[in-house]
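Below is one structure, written out as structure tokens; the observations come after it.
Every number for a ligand or one of its atoms is a count from 1 in the order of the listing.
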Amino acid sequence: MAAVAQQPISMAWGFGGSALQTEGAWNVDGKEPDVFDAYYTNLGTSVKAPFIAADHYHRIDEDLKILADLGATAYRFSISWSRVLKNCTGEINPQGIAFYNKMINQLLAYKIEPFLTMYHWDLPQTCQDSFGGWASDKIVDAFLVYADVLLANFGDRVNYWLTINEPRANCDMCMMNPKFPPMTTNTPELYMKCMKNSHLIHGNVVKNARAKYPALSKNWKFSIPQIMEWVEPQSDGSSLDKQTQWFYDPCVFGDVTCNLDVTKCVTIDPVPFTQAEKDLMKGTCDFIAVNVYSTVGVSADPISDPTYWPNPNPIGPRKMPKFLYDRYKVPIVLSEIGFHVPNSMENNIQDVIKDTYRVQWWQEAAPLVLEAITVDKVPLLAMLAWSLLDNYEFNTYSLRWGHVAVDCKFLTRTVKDSAKYLKDFFANATLISPFVRTAAPSATASATGSGPTNTGSAAATATTAKNSGGAATVAAGLTSLAIFLLFA
Ligand code: BGC
């Protein structure tokens, strides 16, 4: 095992999850159906539906307490669009805003940095019905309305924003190889349009944020998390380069810079960007968020099942931060890292909780992740293990990705051995979180959850201003909250 440096290391660590996969409460407190809810409702089955998921919505206090007890200093979660906005881009749902205010305030009270994902694949069914969702260019304007609501309501406390989780997966699964609801369309052209629109959405969101909220946006950092596979051995022009150029070049350099005549970035040509679009996108990734699961070209021994995904050889998360930092020269965040223990190795609940295989993997992987900082000198801001909870894996509950077990029947939580291992490992590695804030909401404020009446009073402004296409502006006084981000 690699040696752990004794010097304090500047990195936050924690876990992630997404609204669709964790929250449940699909029709509670004004939430409207997303495409998954609608799809499974129409099918007349709840077995494969996210209706309950891990019931995070109702158990948020307990879940965040677990997170704090584990010593986590960062948490990645996503917002459910159809929980905070009615009718795709219509009125704000104050109860939805209140839920996320409560979550954010509790995280800050625990000194846990929120990483807010704006979109993790749960499109409101109303967006699908009214203009065709991701198959239409209208998704760009709709997303901007939605994003502005989030910036206006949560931007006084949230600094780290992830616009769209894994555009490739979102566009691929929805458009080209439909595996996700709405499962309606199926062409490479729609896939490419979706990919291009994802880049444009990201650029527009960031441009809008900086122009509309000049004071608050000084603290805001944006990225667009992509899923990358590490390739061994690494060589120029490999699929690693192509993935990178197609995924991150637009938001850093303003274009897809690989030579499309010589080596296609993907299997079919991307839709080219106009000069205005390039100008829009350039410089809109303040950091690179990367989801790293699989490594190509090395074995994942002792998992010998060839059908198993991912191949979790930890050489990927070890090498990916430096590879990306060398190219983009902005801080890196490992926004998802982990794997599910093969079902064959979890025959009963004791196996699930003991998760020996995941513990063994982290024993190797966690010290390697730190080497990206101590050896490679990469500003790796955070490592977010996927996931906090055993949750909904898009059409199944049987793949347990969580570090906290969730009982399928009673939804009770049990911390797994892997989470305990990470707690001890990072405590002993003497990490210092790079996210230092001068003020945090009090635990009392965070515990109310009764509505947008806490330090996130931007929400009050937003909820009283009926959203008719643009979000409420953030009250000027909020800038005095003096929440500062300090990069290491
Ligand atoms: C997605 C997660 C998912 C994980 C495991 C990631 O690519 O972002 O939502 O749970 O893969 O399949």
Parallel, tilted or perpendicular: which describes the rings of Phe323 and Trp230, with under 30° parallel and over 60° perpendicular? perpendicular

Could you tell me, atom by atom, which parts of ligand 1 come under 4.0 Å of a heavy atom of Gln21? 2 (C), 3 (C), 9 (O), 10 (O)

Going by the angle between their ring planes, with limits at 30° and 60°, are Phe15 and Trp13 parallel, tilted or perpendicular? perpendicular

To which protein heavy atom is atom 1 (C) of ligand 1 closest, and what is the distance rounded to 0.1 Å? Glu336 OE1, 3.4 Å

Does CG in Leu411 sit with more than 12 non-hydrogen atoms of other residues, nucleotides or ligands closer than 6.0 Å? yes

Heavy-atom distance to atom 5 (C) of ligand 1: which of Glu393, His340, Arg168 wins? Glu393

Out of all atoms in ligand 1, which are within 4.0 Å of some heavy atom of Phe394? Include the element for each. 3 (C), 9 (O), 10 (O)

Given Phe180 and Phe394, is the ring pair (Phe, Tyr, Trp, His ring centres under 6.0 Å) satisfied, shown in steps? CA-CA 7 Å; Phe180 292 172; Phe394 304 105; 5.0 Å; yes

Can you label the angle between the Tyr75 ring and the Phe77 ring as parallel, tilted or perpendicular, going by 30° and 60°? parallel

If you measure from each non-hydrogen atom of Leu399 to ligand 1, which part falls under 4.0 Å: side chain, backbone, both or neither? neither

Examine Trp386 against ligand 1 and note whether any of their N/O atoms are separated by less than 3.5 Å. yes

Atom 7 (O) of ligand 1 [closest protein heavy-atom partner, distance rounded to 0.1 Å]: Glu166 OE2, 2.6 Å

Atom pair CD/OG of Glu229 and Ser294 - distance to nearest 0.5 Å: 5.5 Å

Partners of Glu336 by side chain to side chain donor-acceptor pair (under 3.5 Å), sequence neighbours excluded? Arg76, Asn291, Tyr293

Tyr293 heavy atoms within 4.0 Å reach ligand 1 at atoms 4 (C), 6 (C), 7 (O), 11 (O)

Could you list which atoms of ligand 1 come closer than 4.0 Å to a heavy atom of Ile227? 7 (O)

Kindly confirm or rule out an N or O of Trp121 lying under 3.5 angstrom from an N or O of ligand 1. no

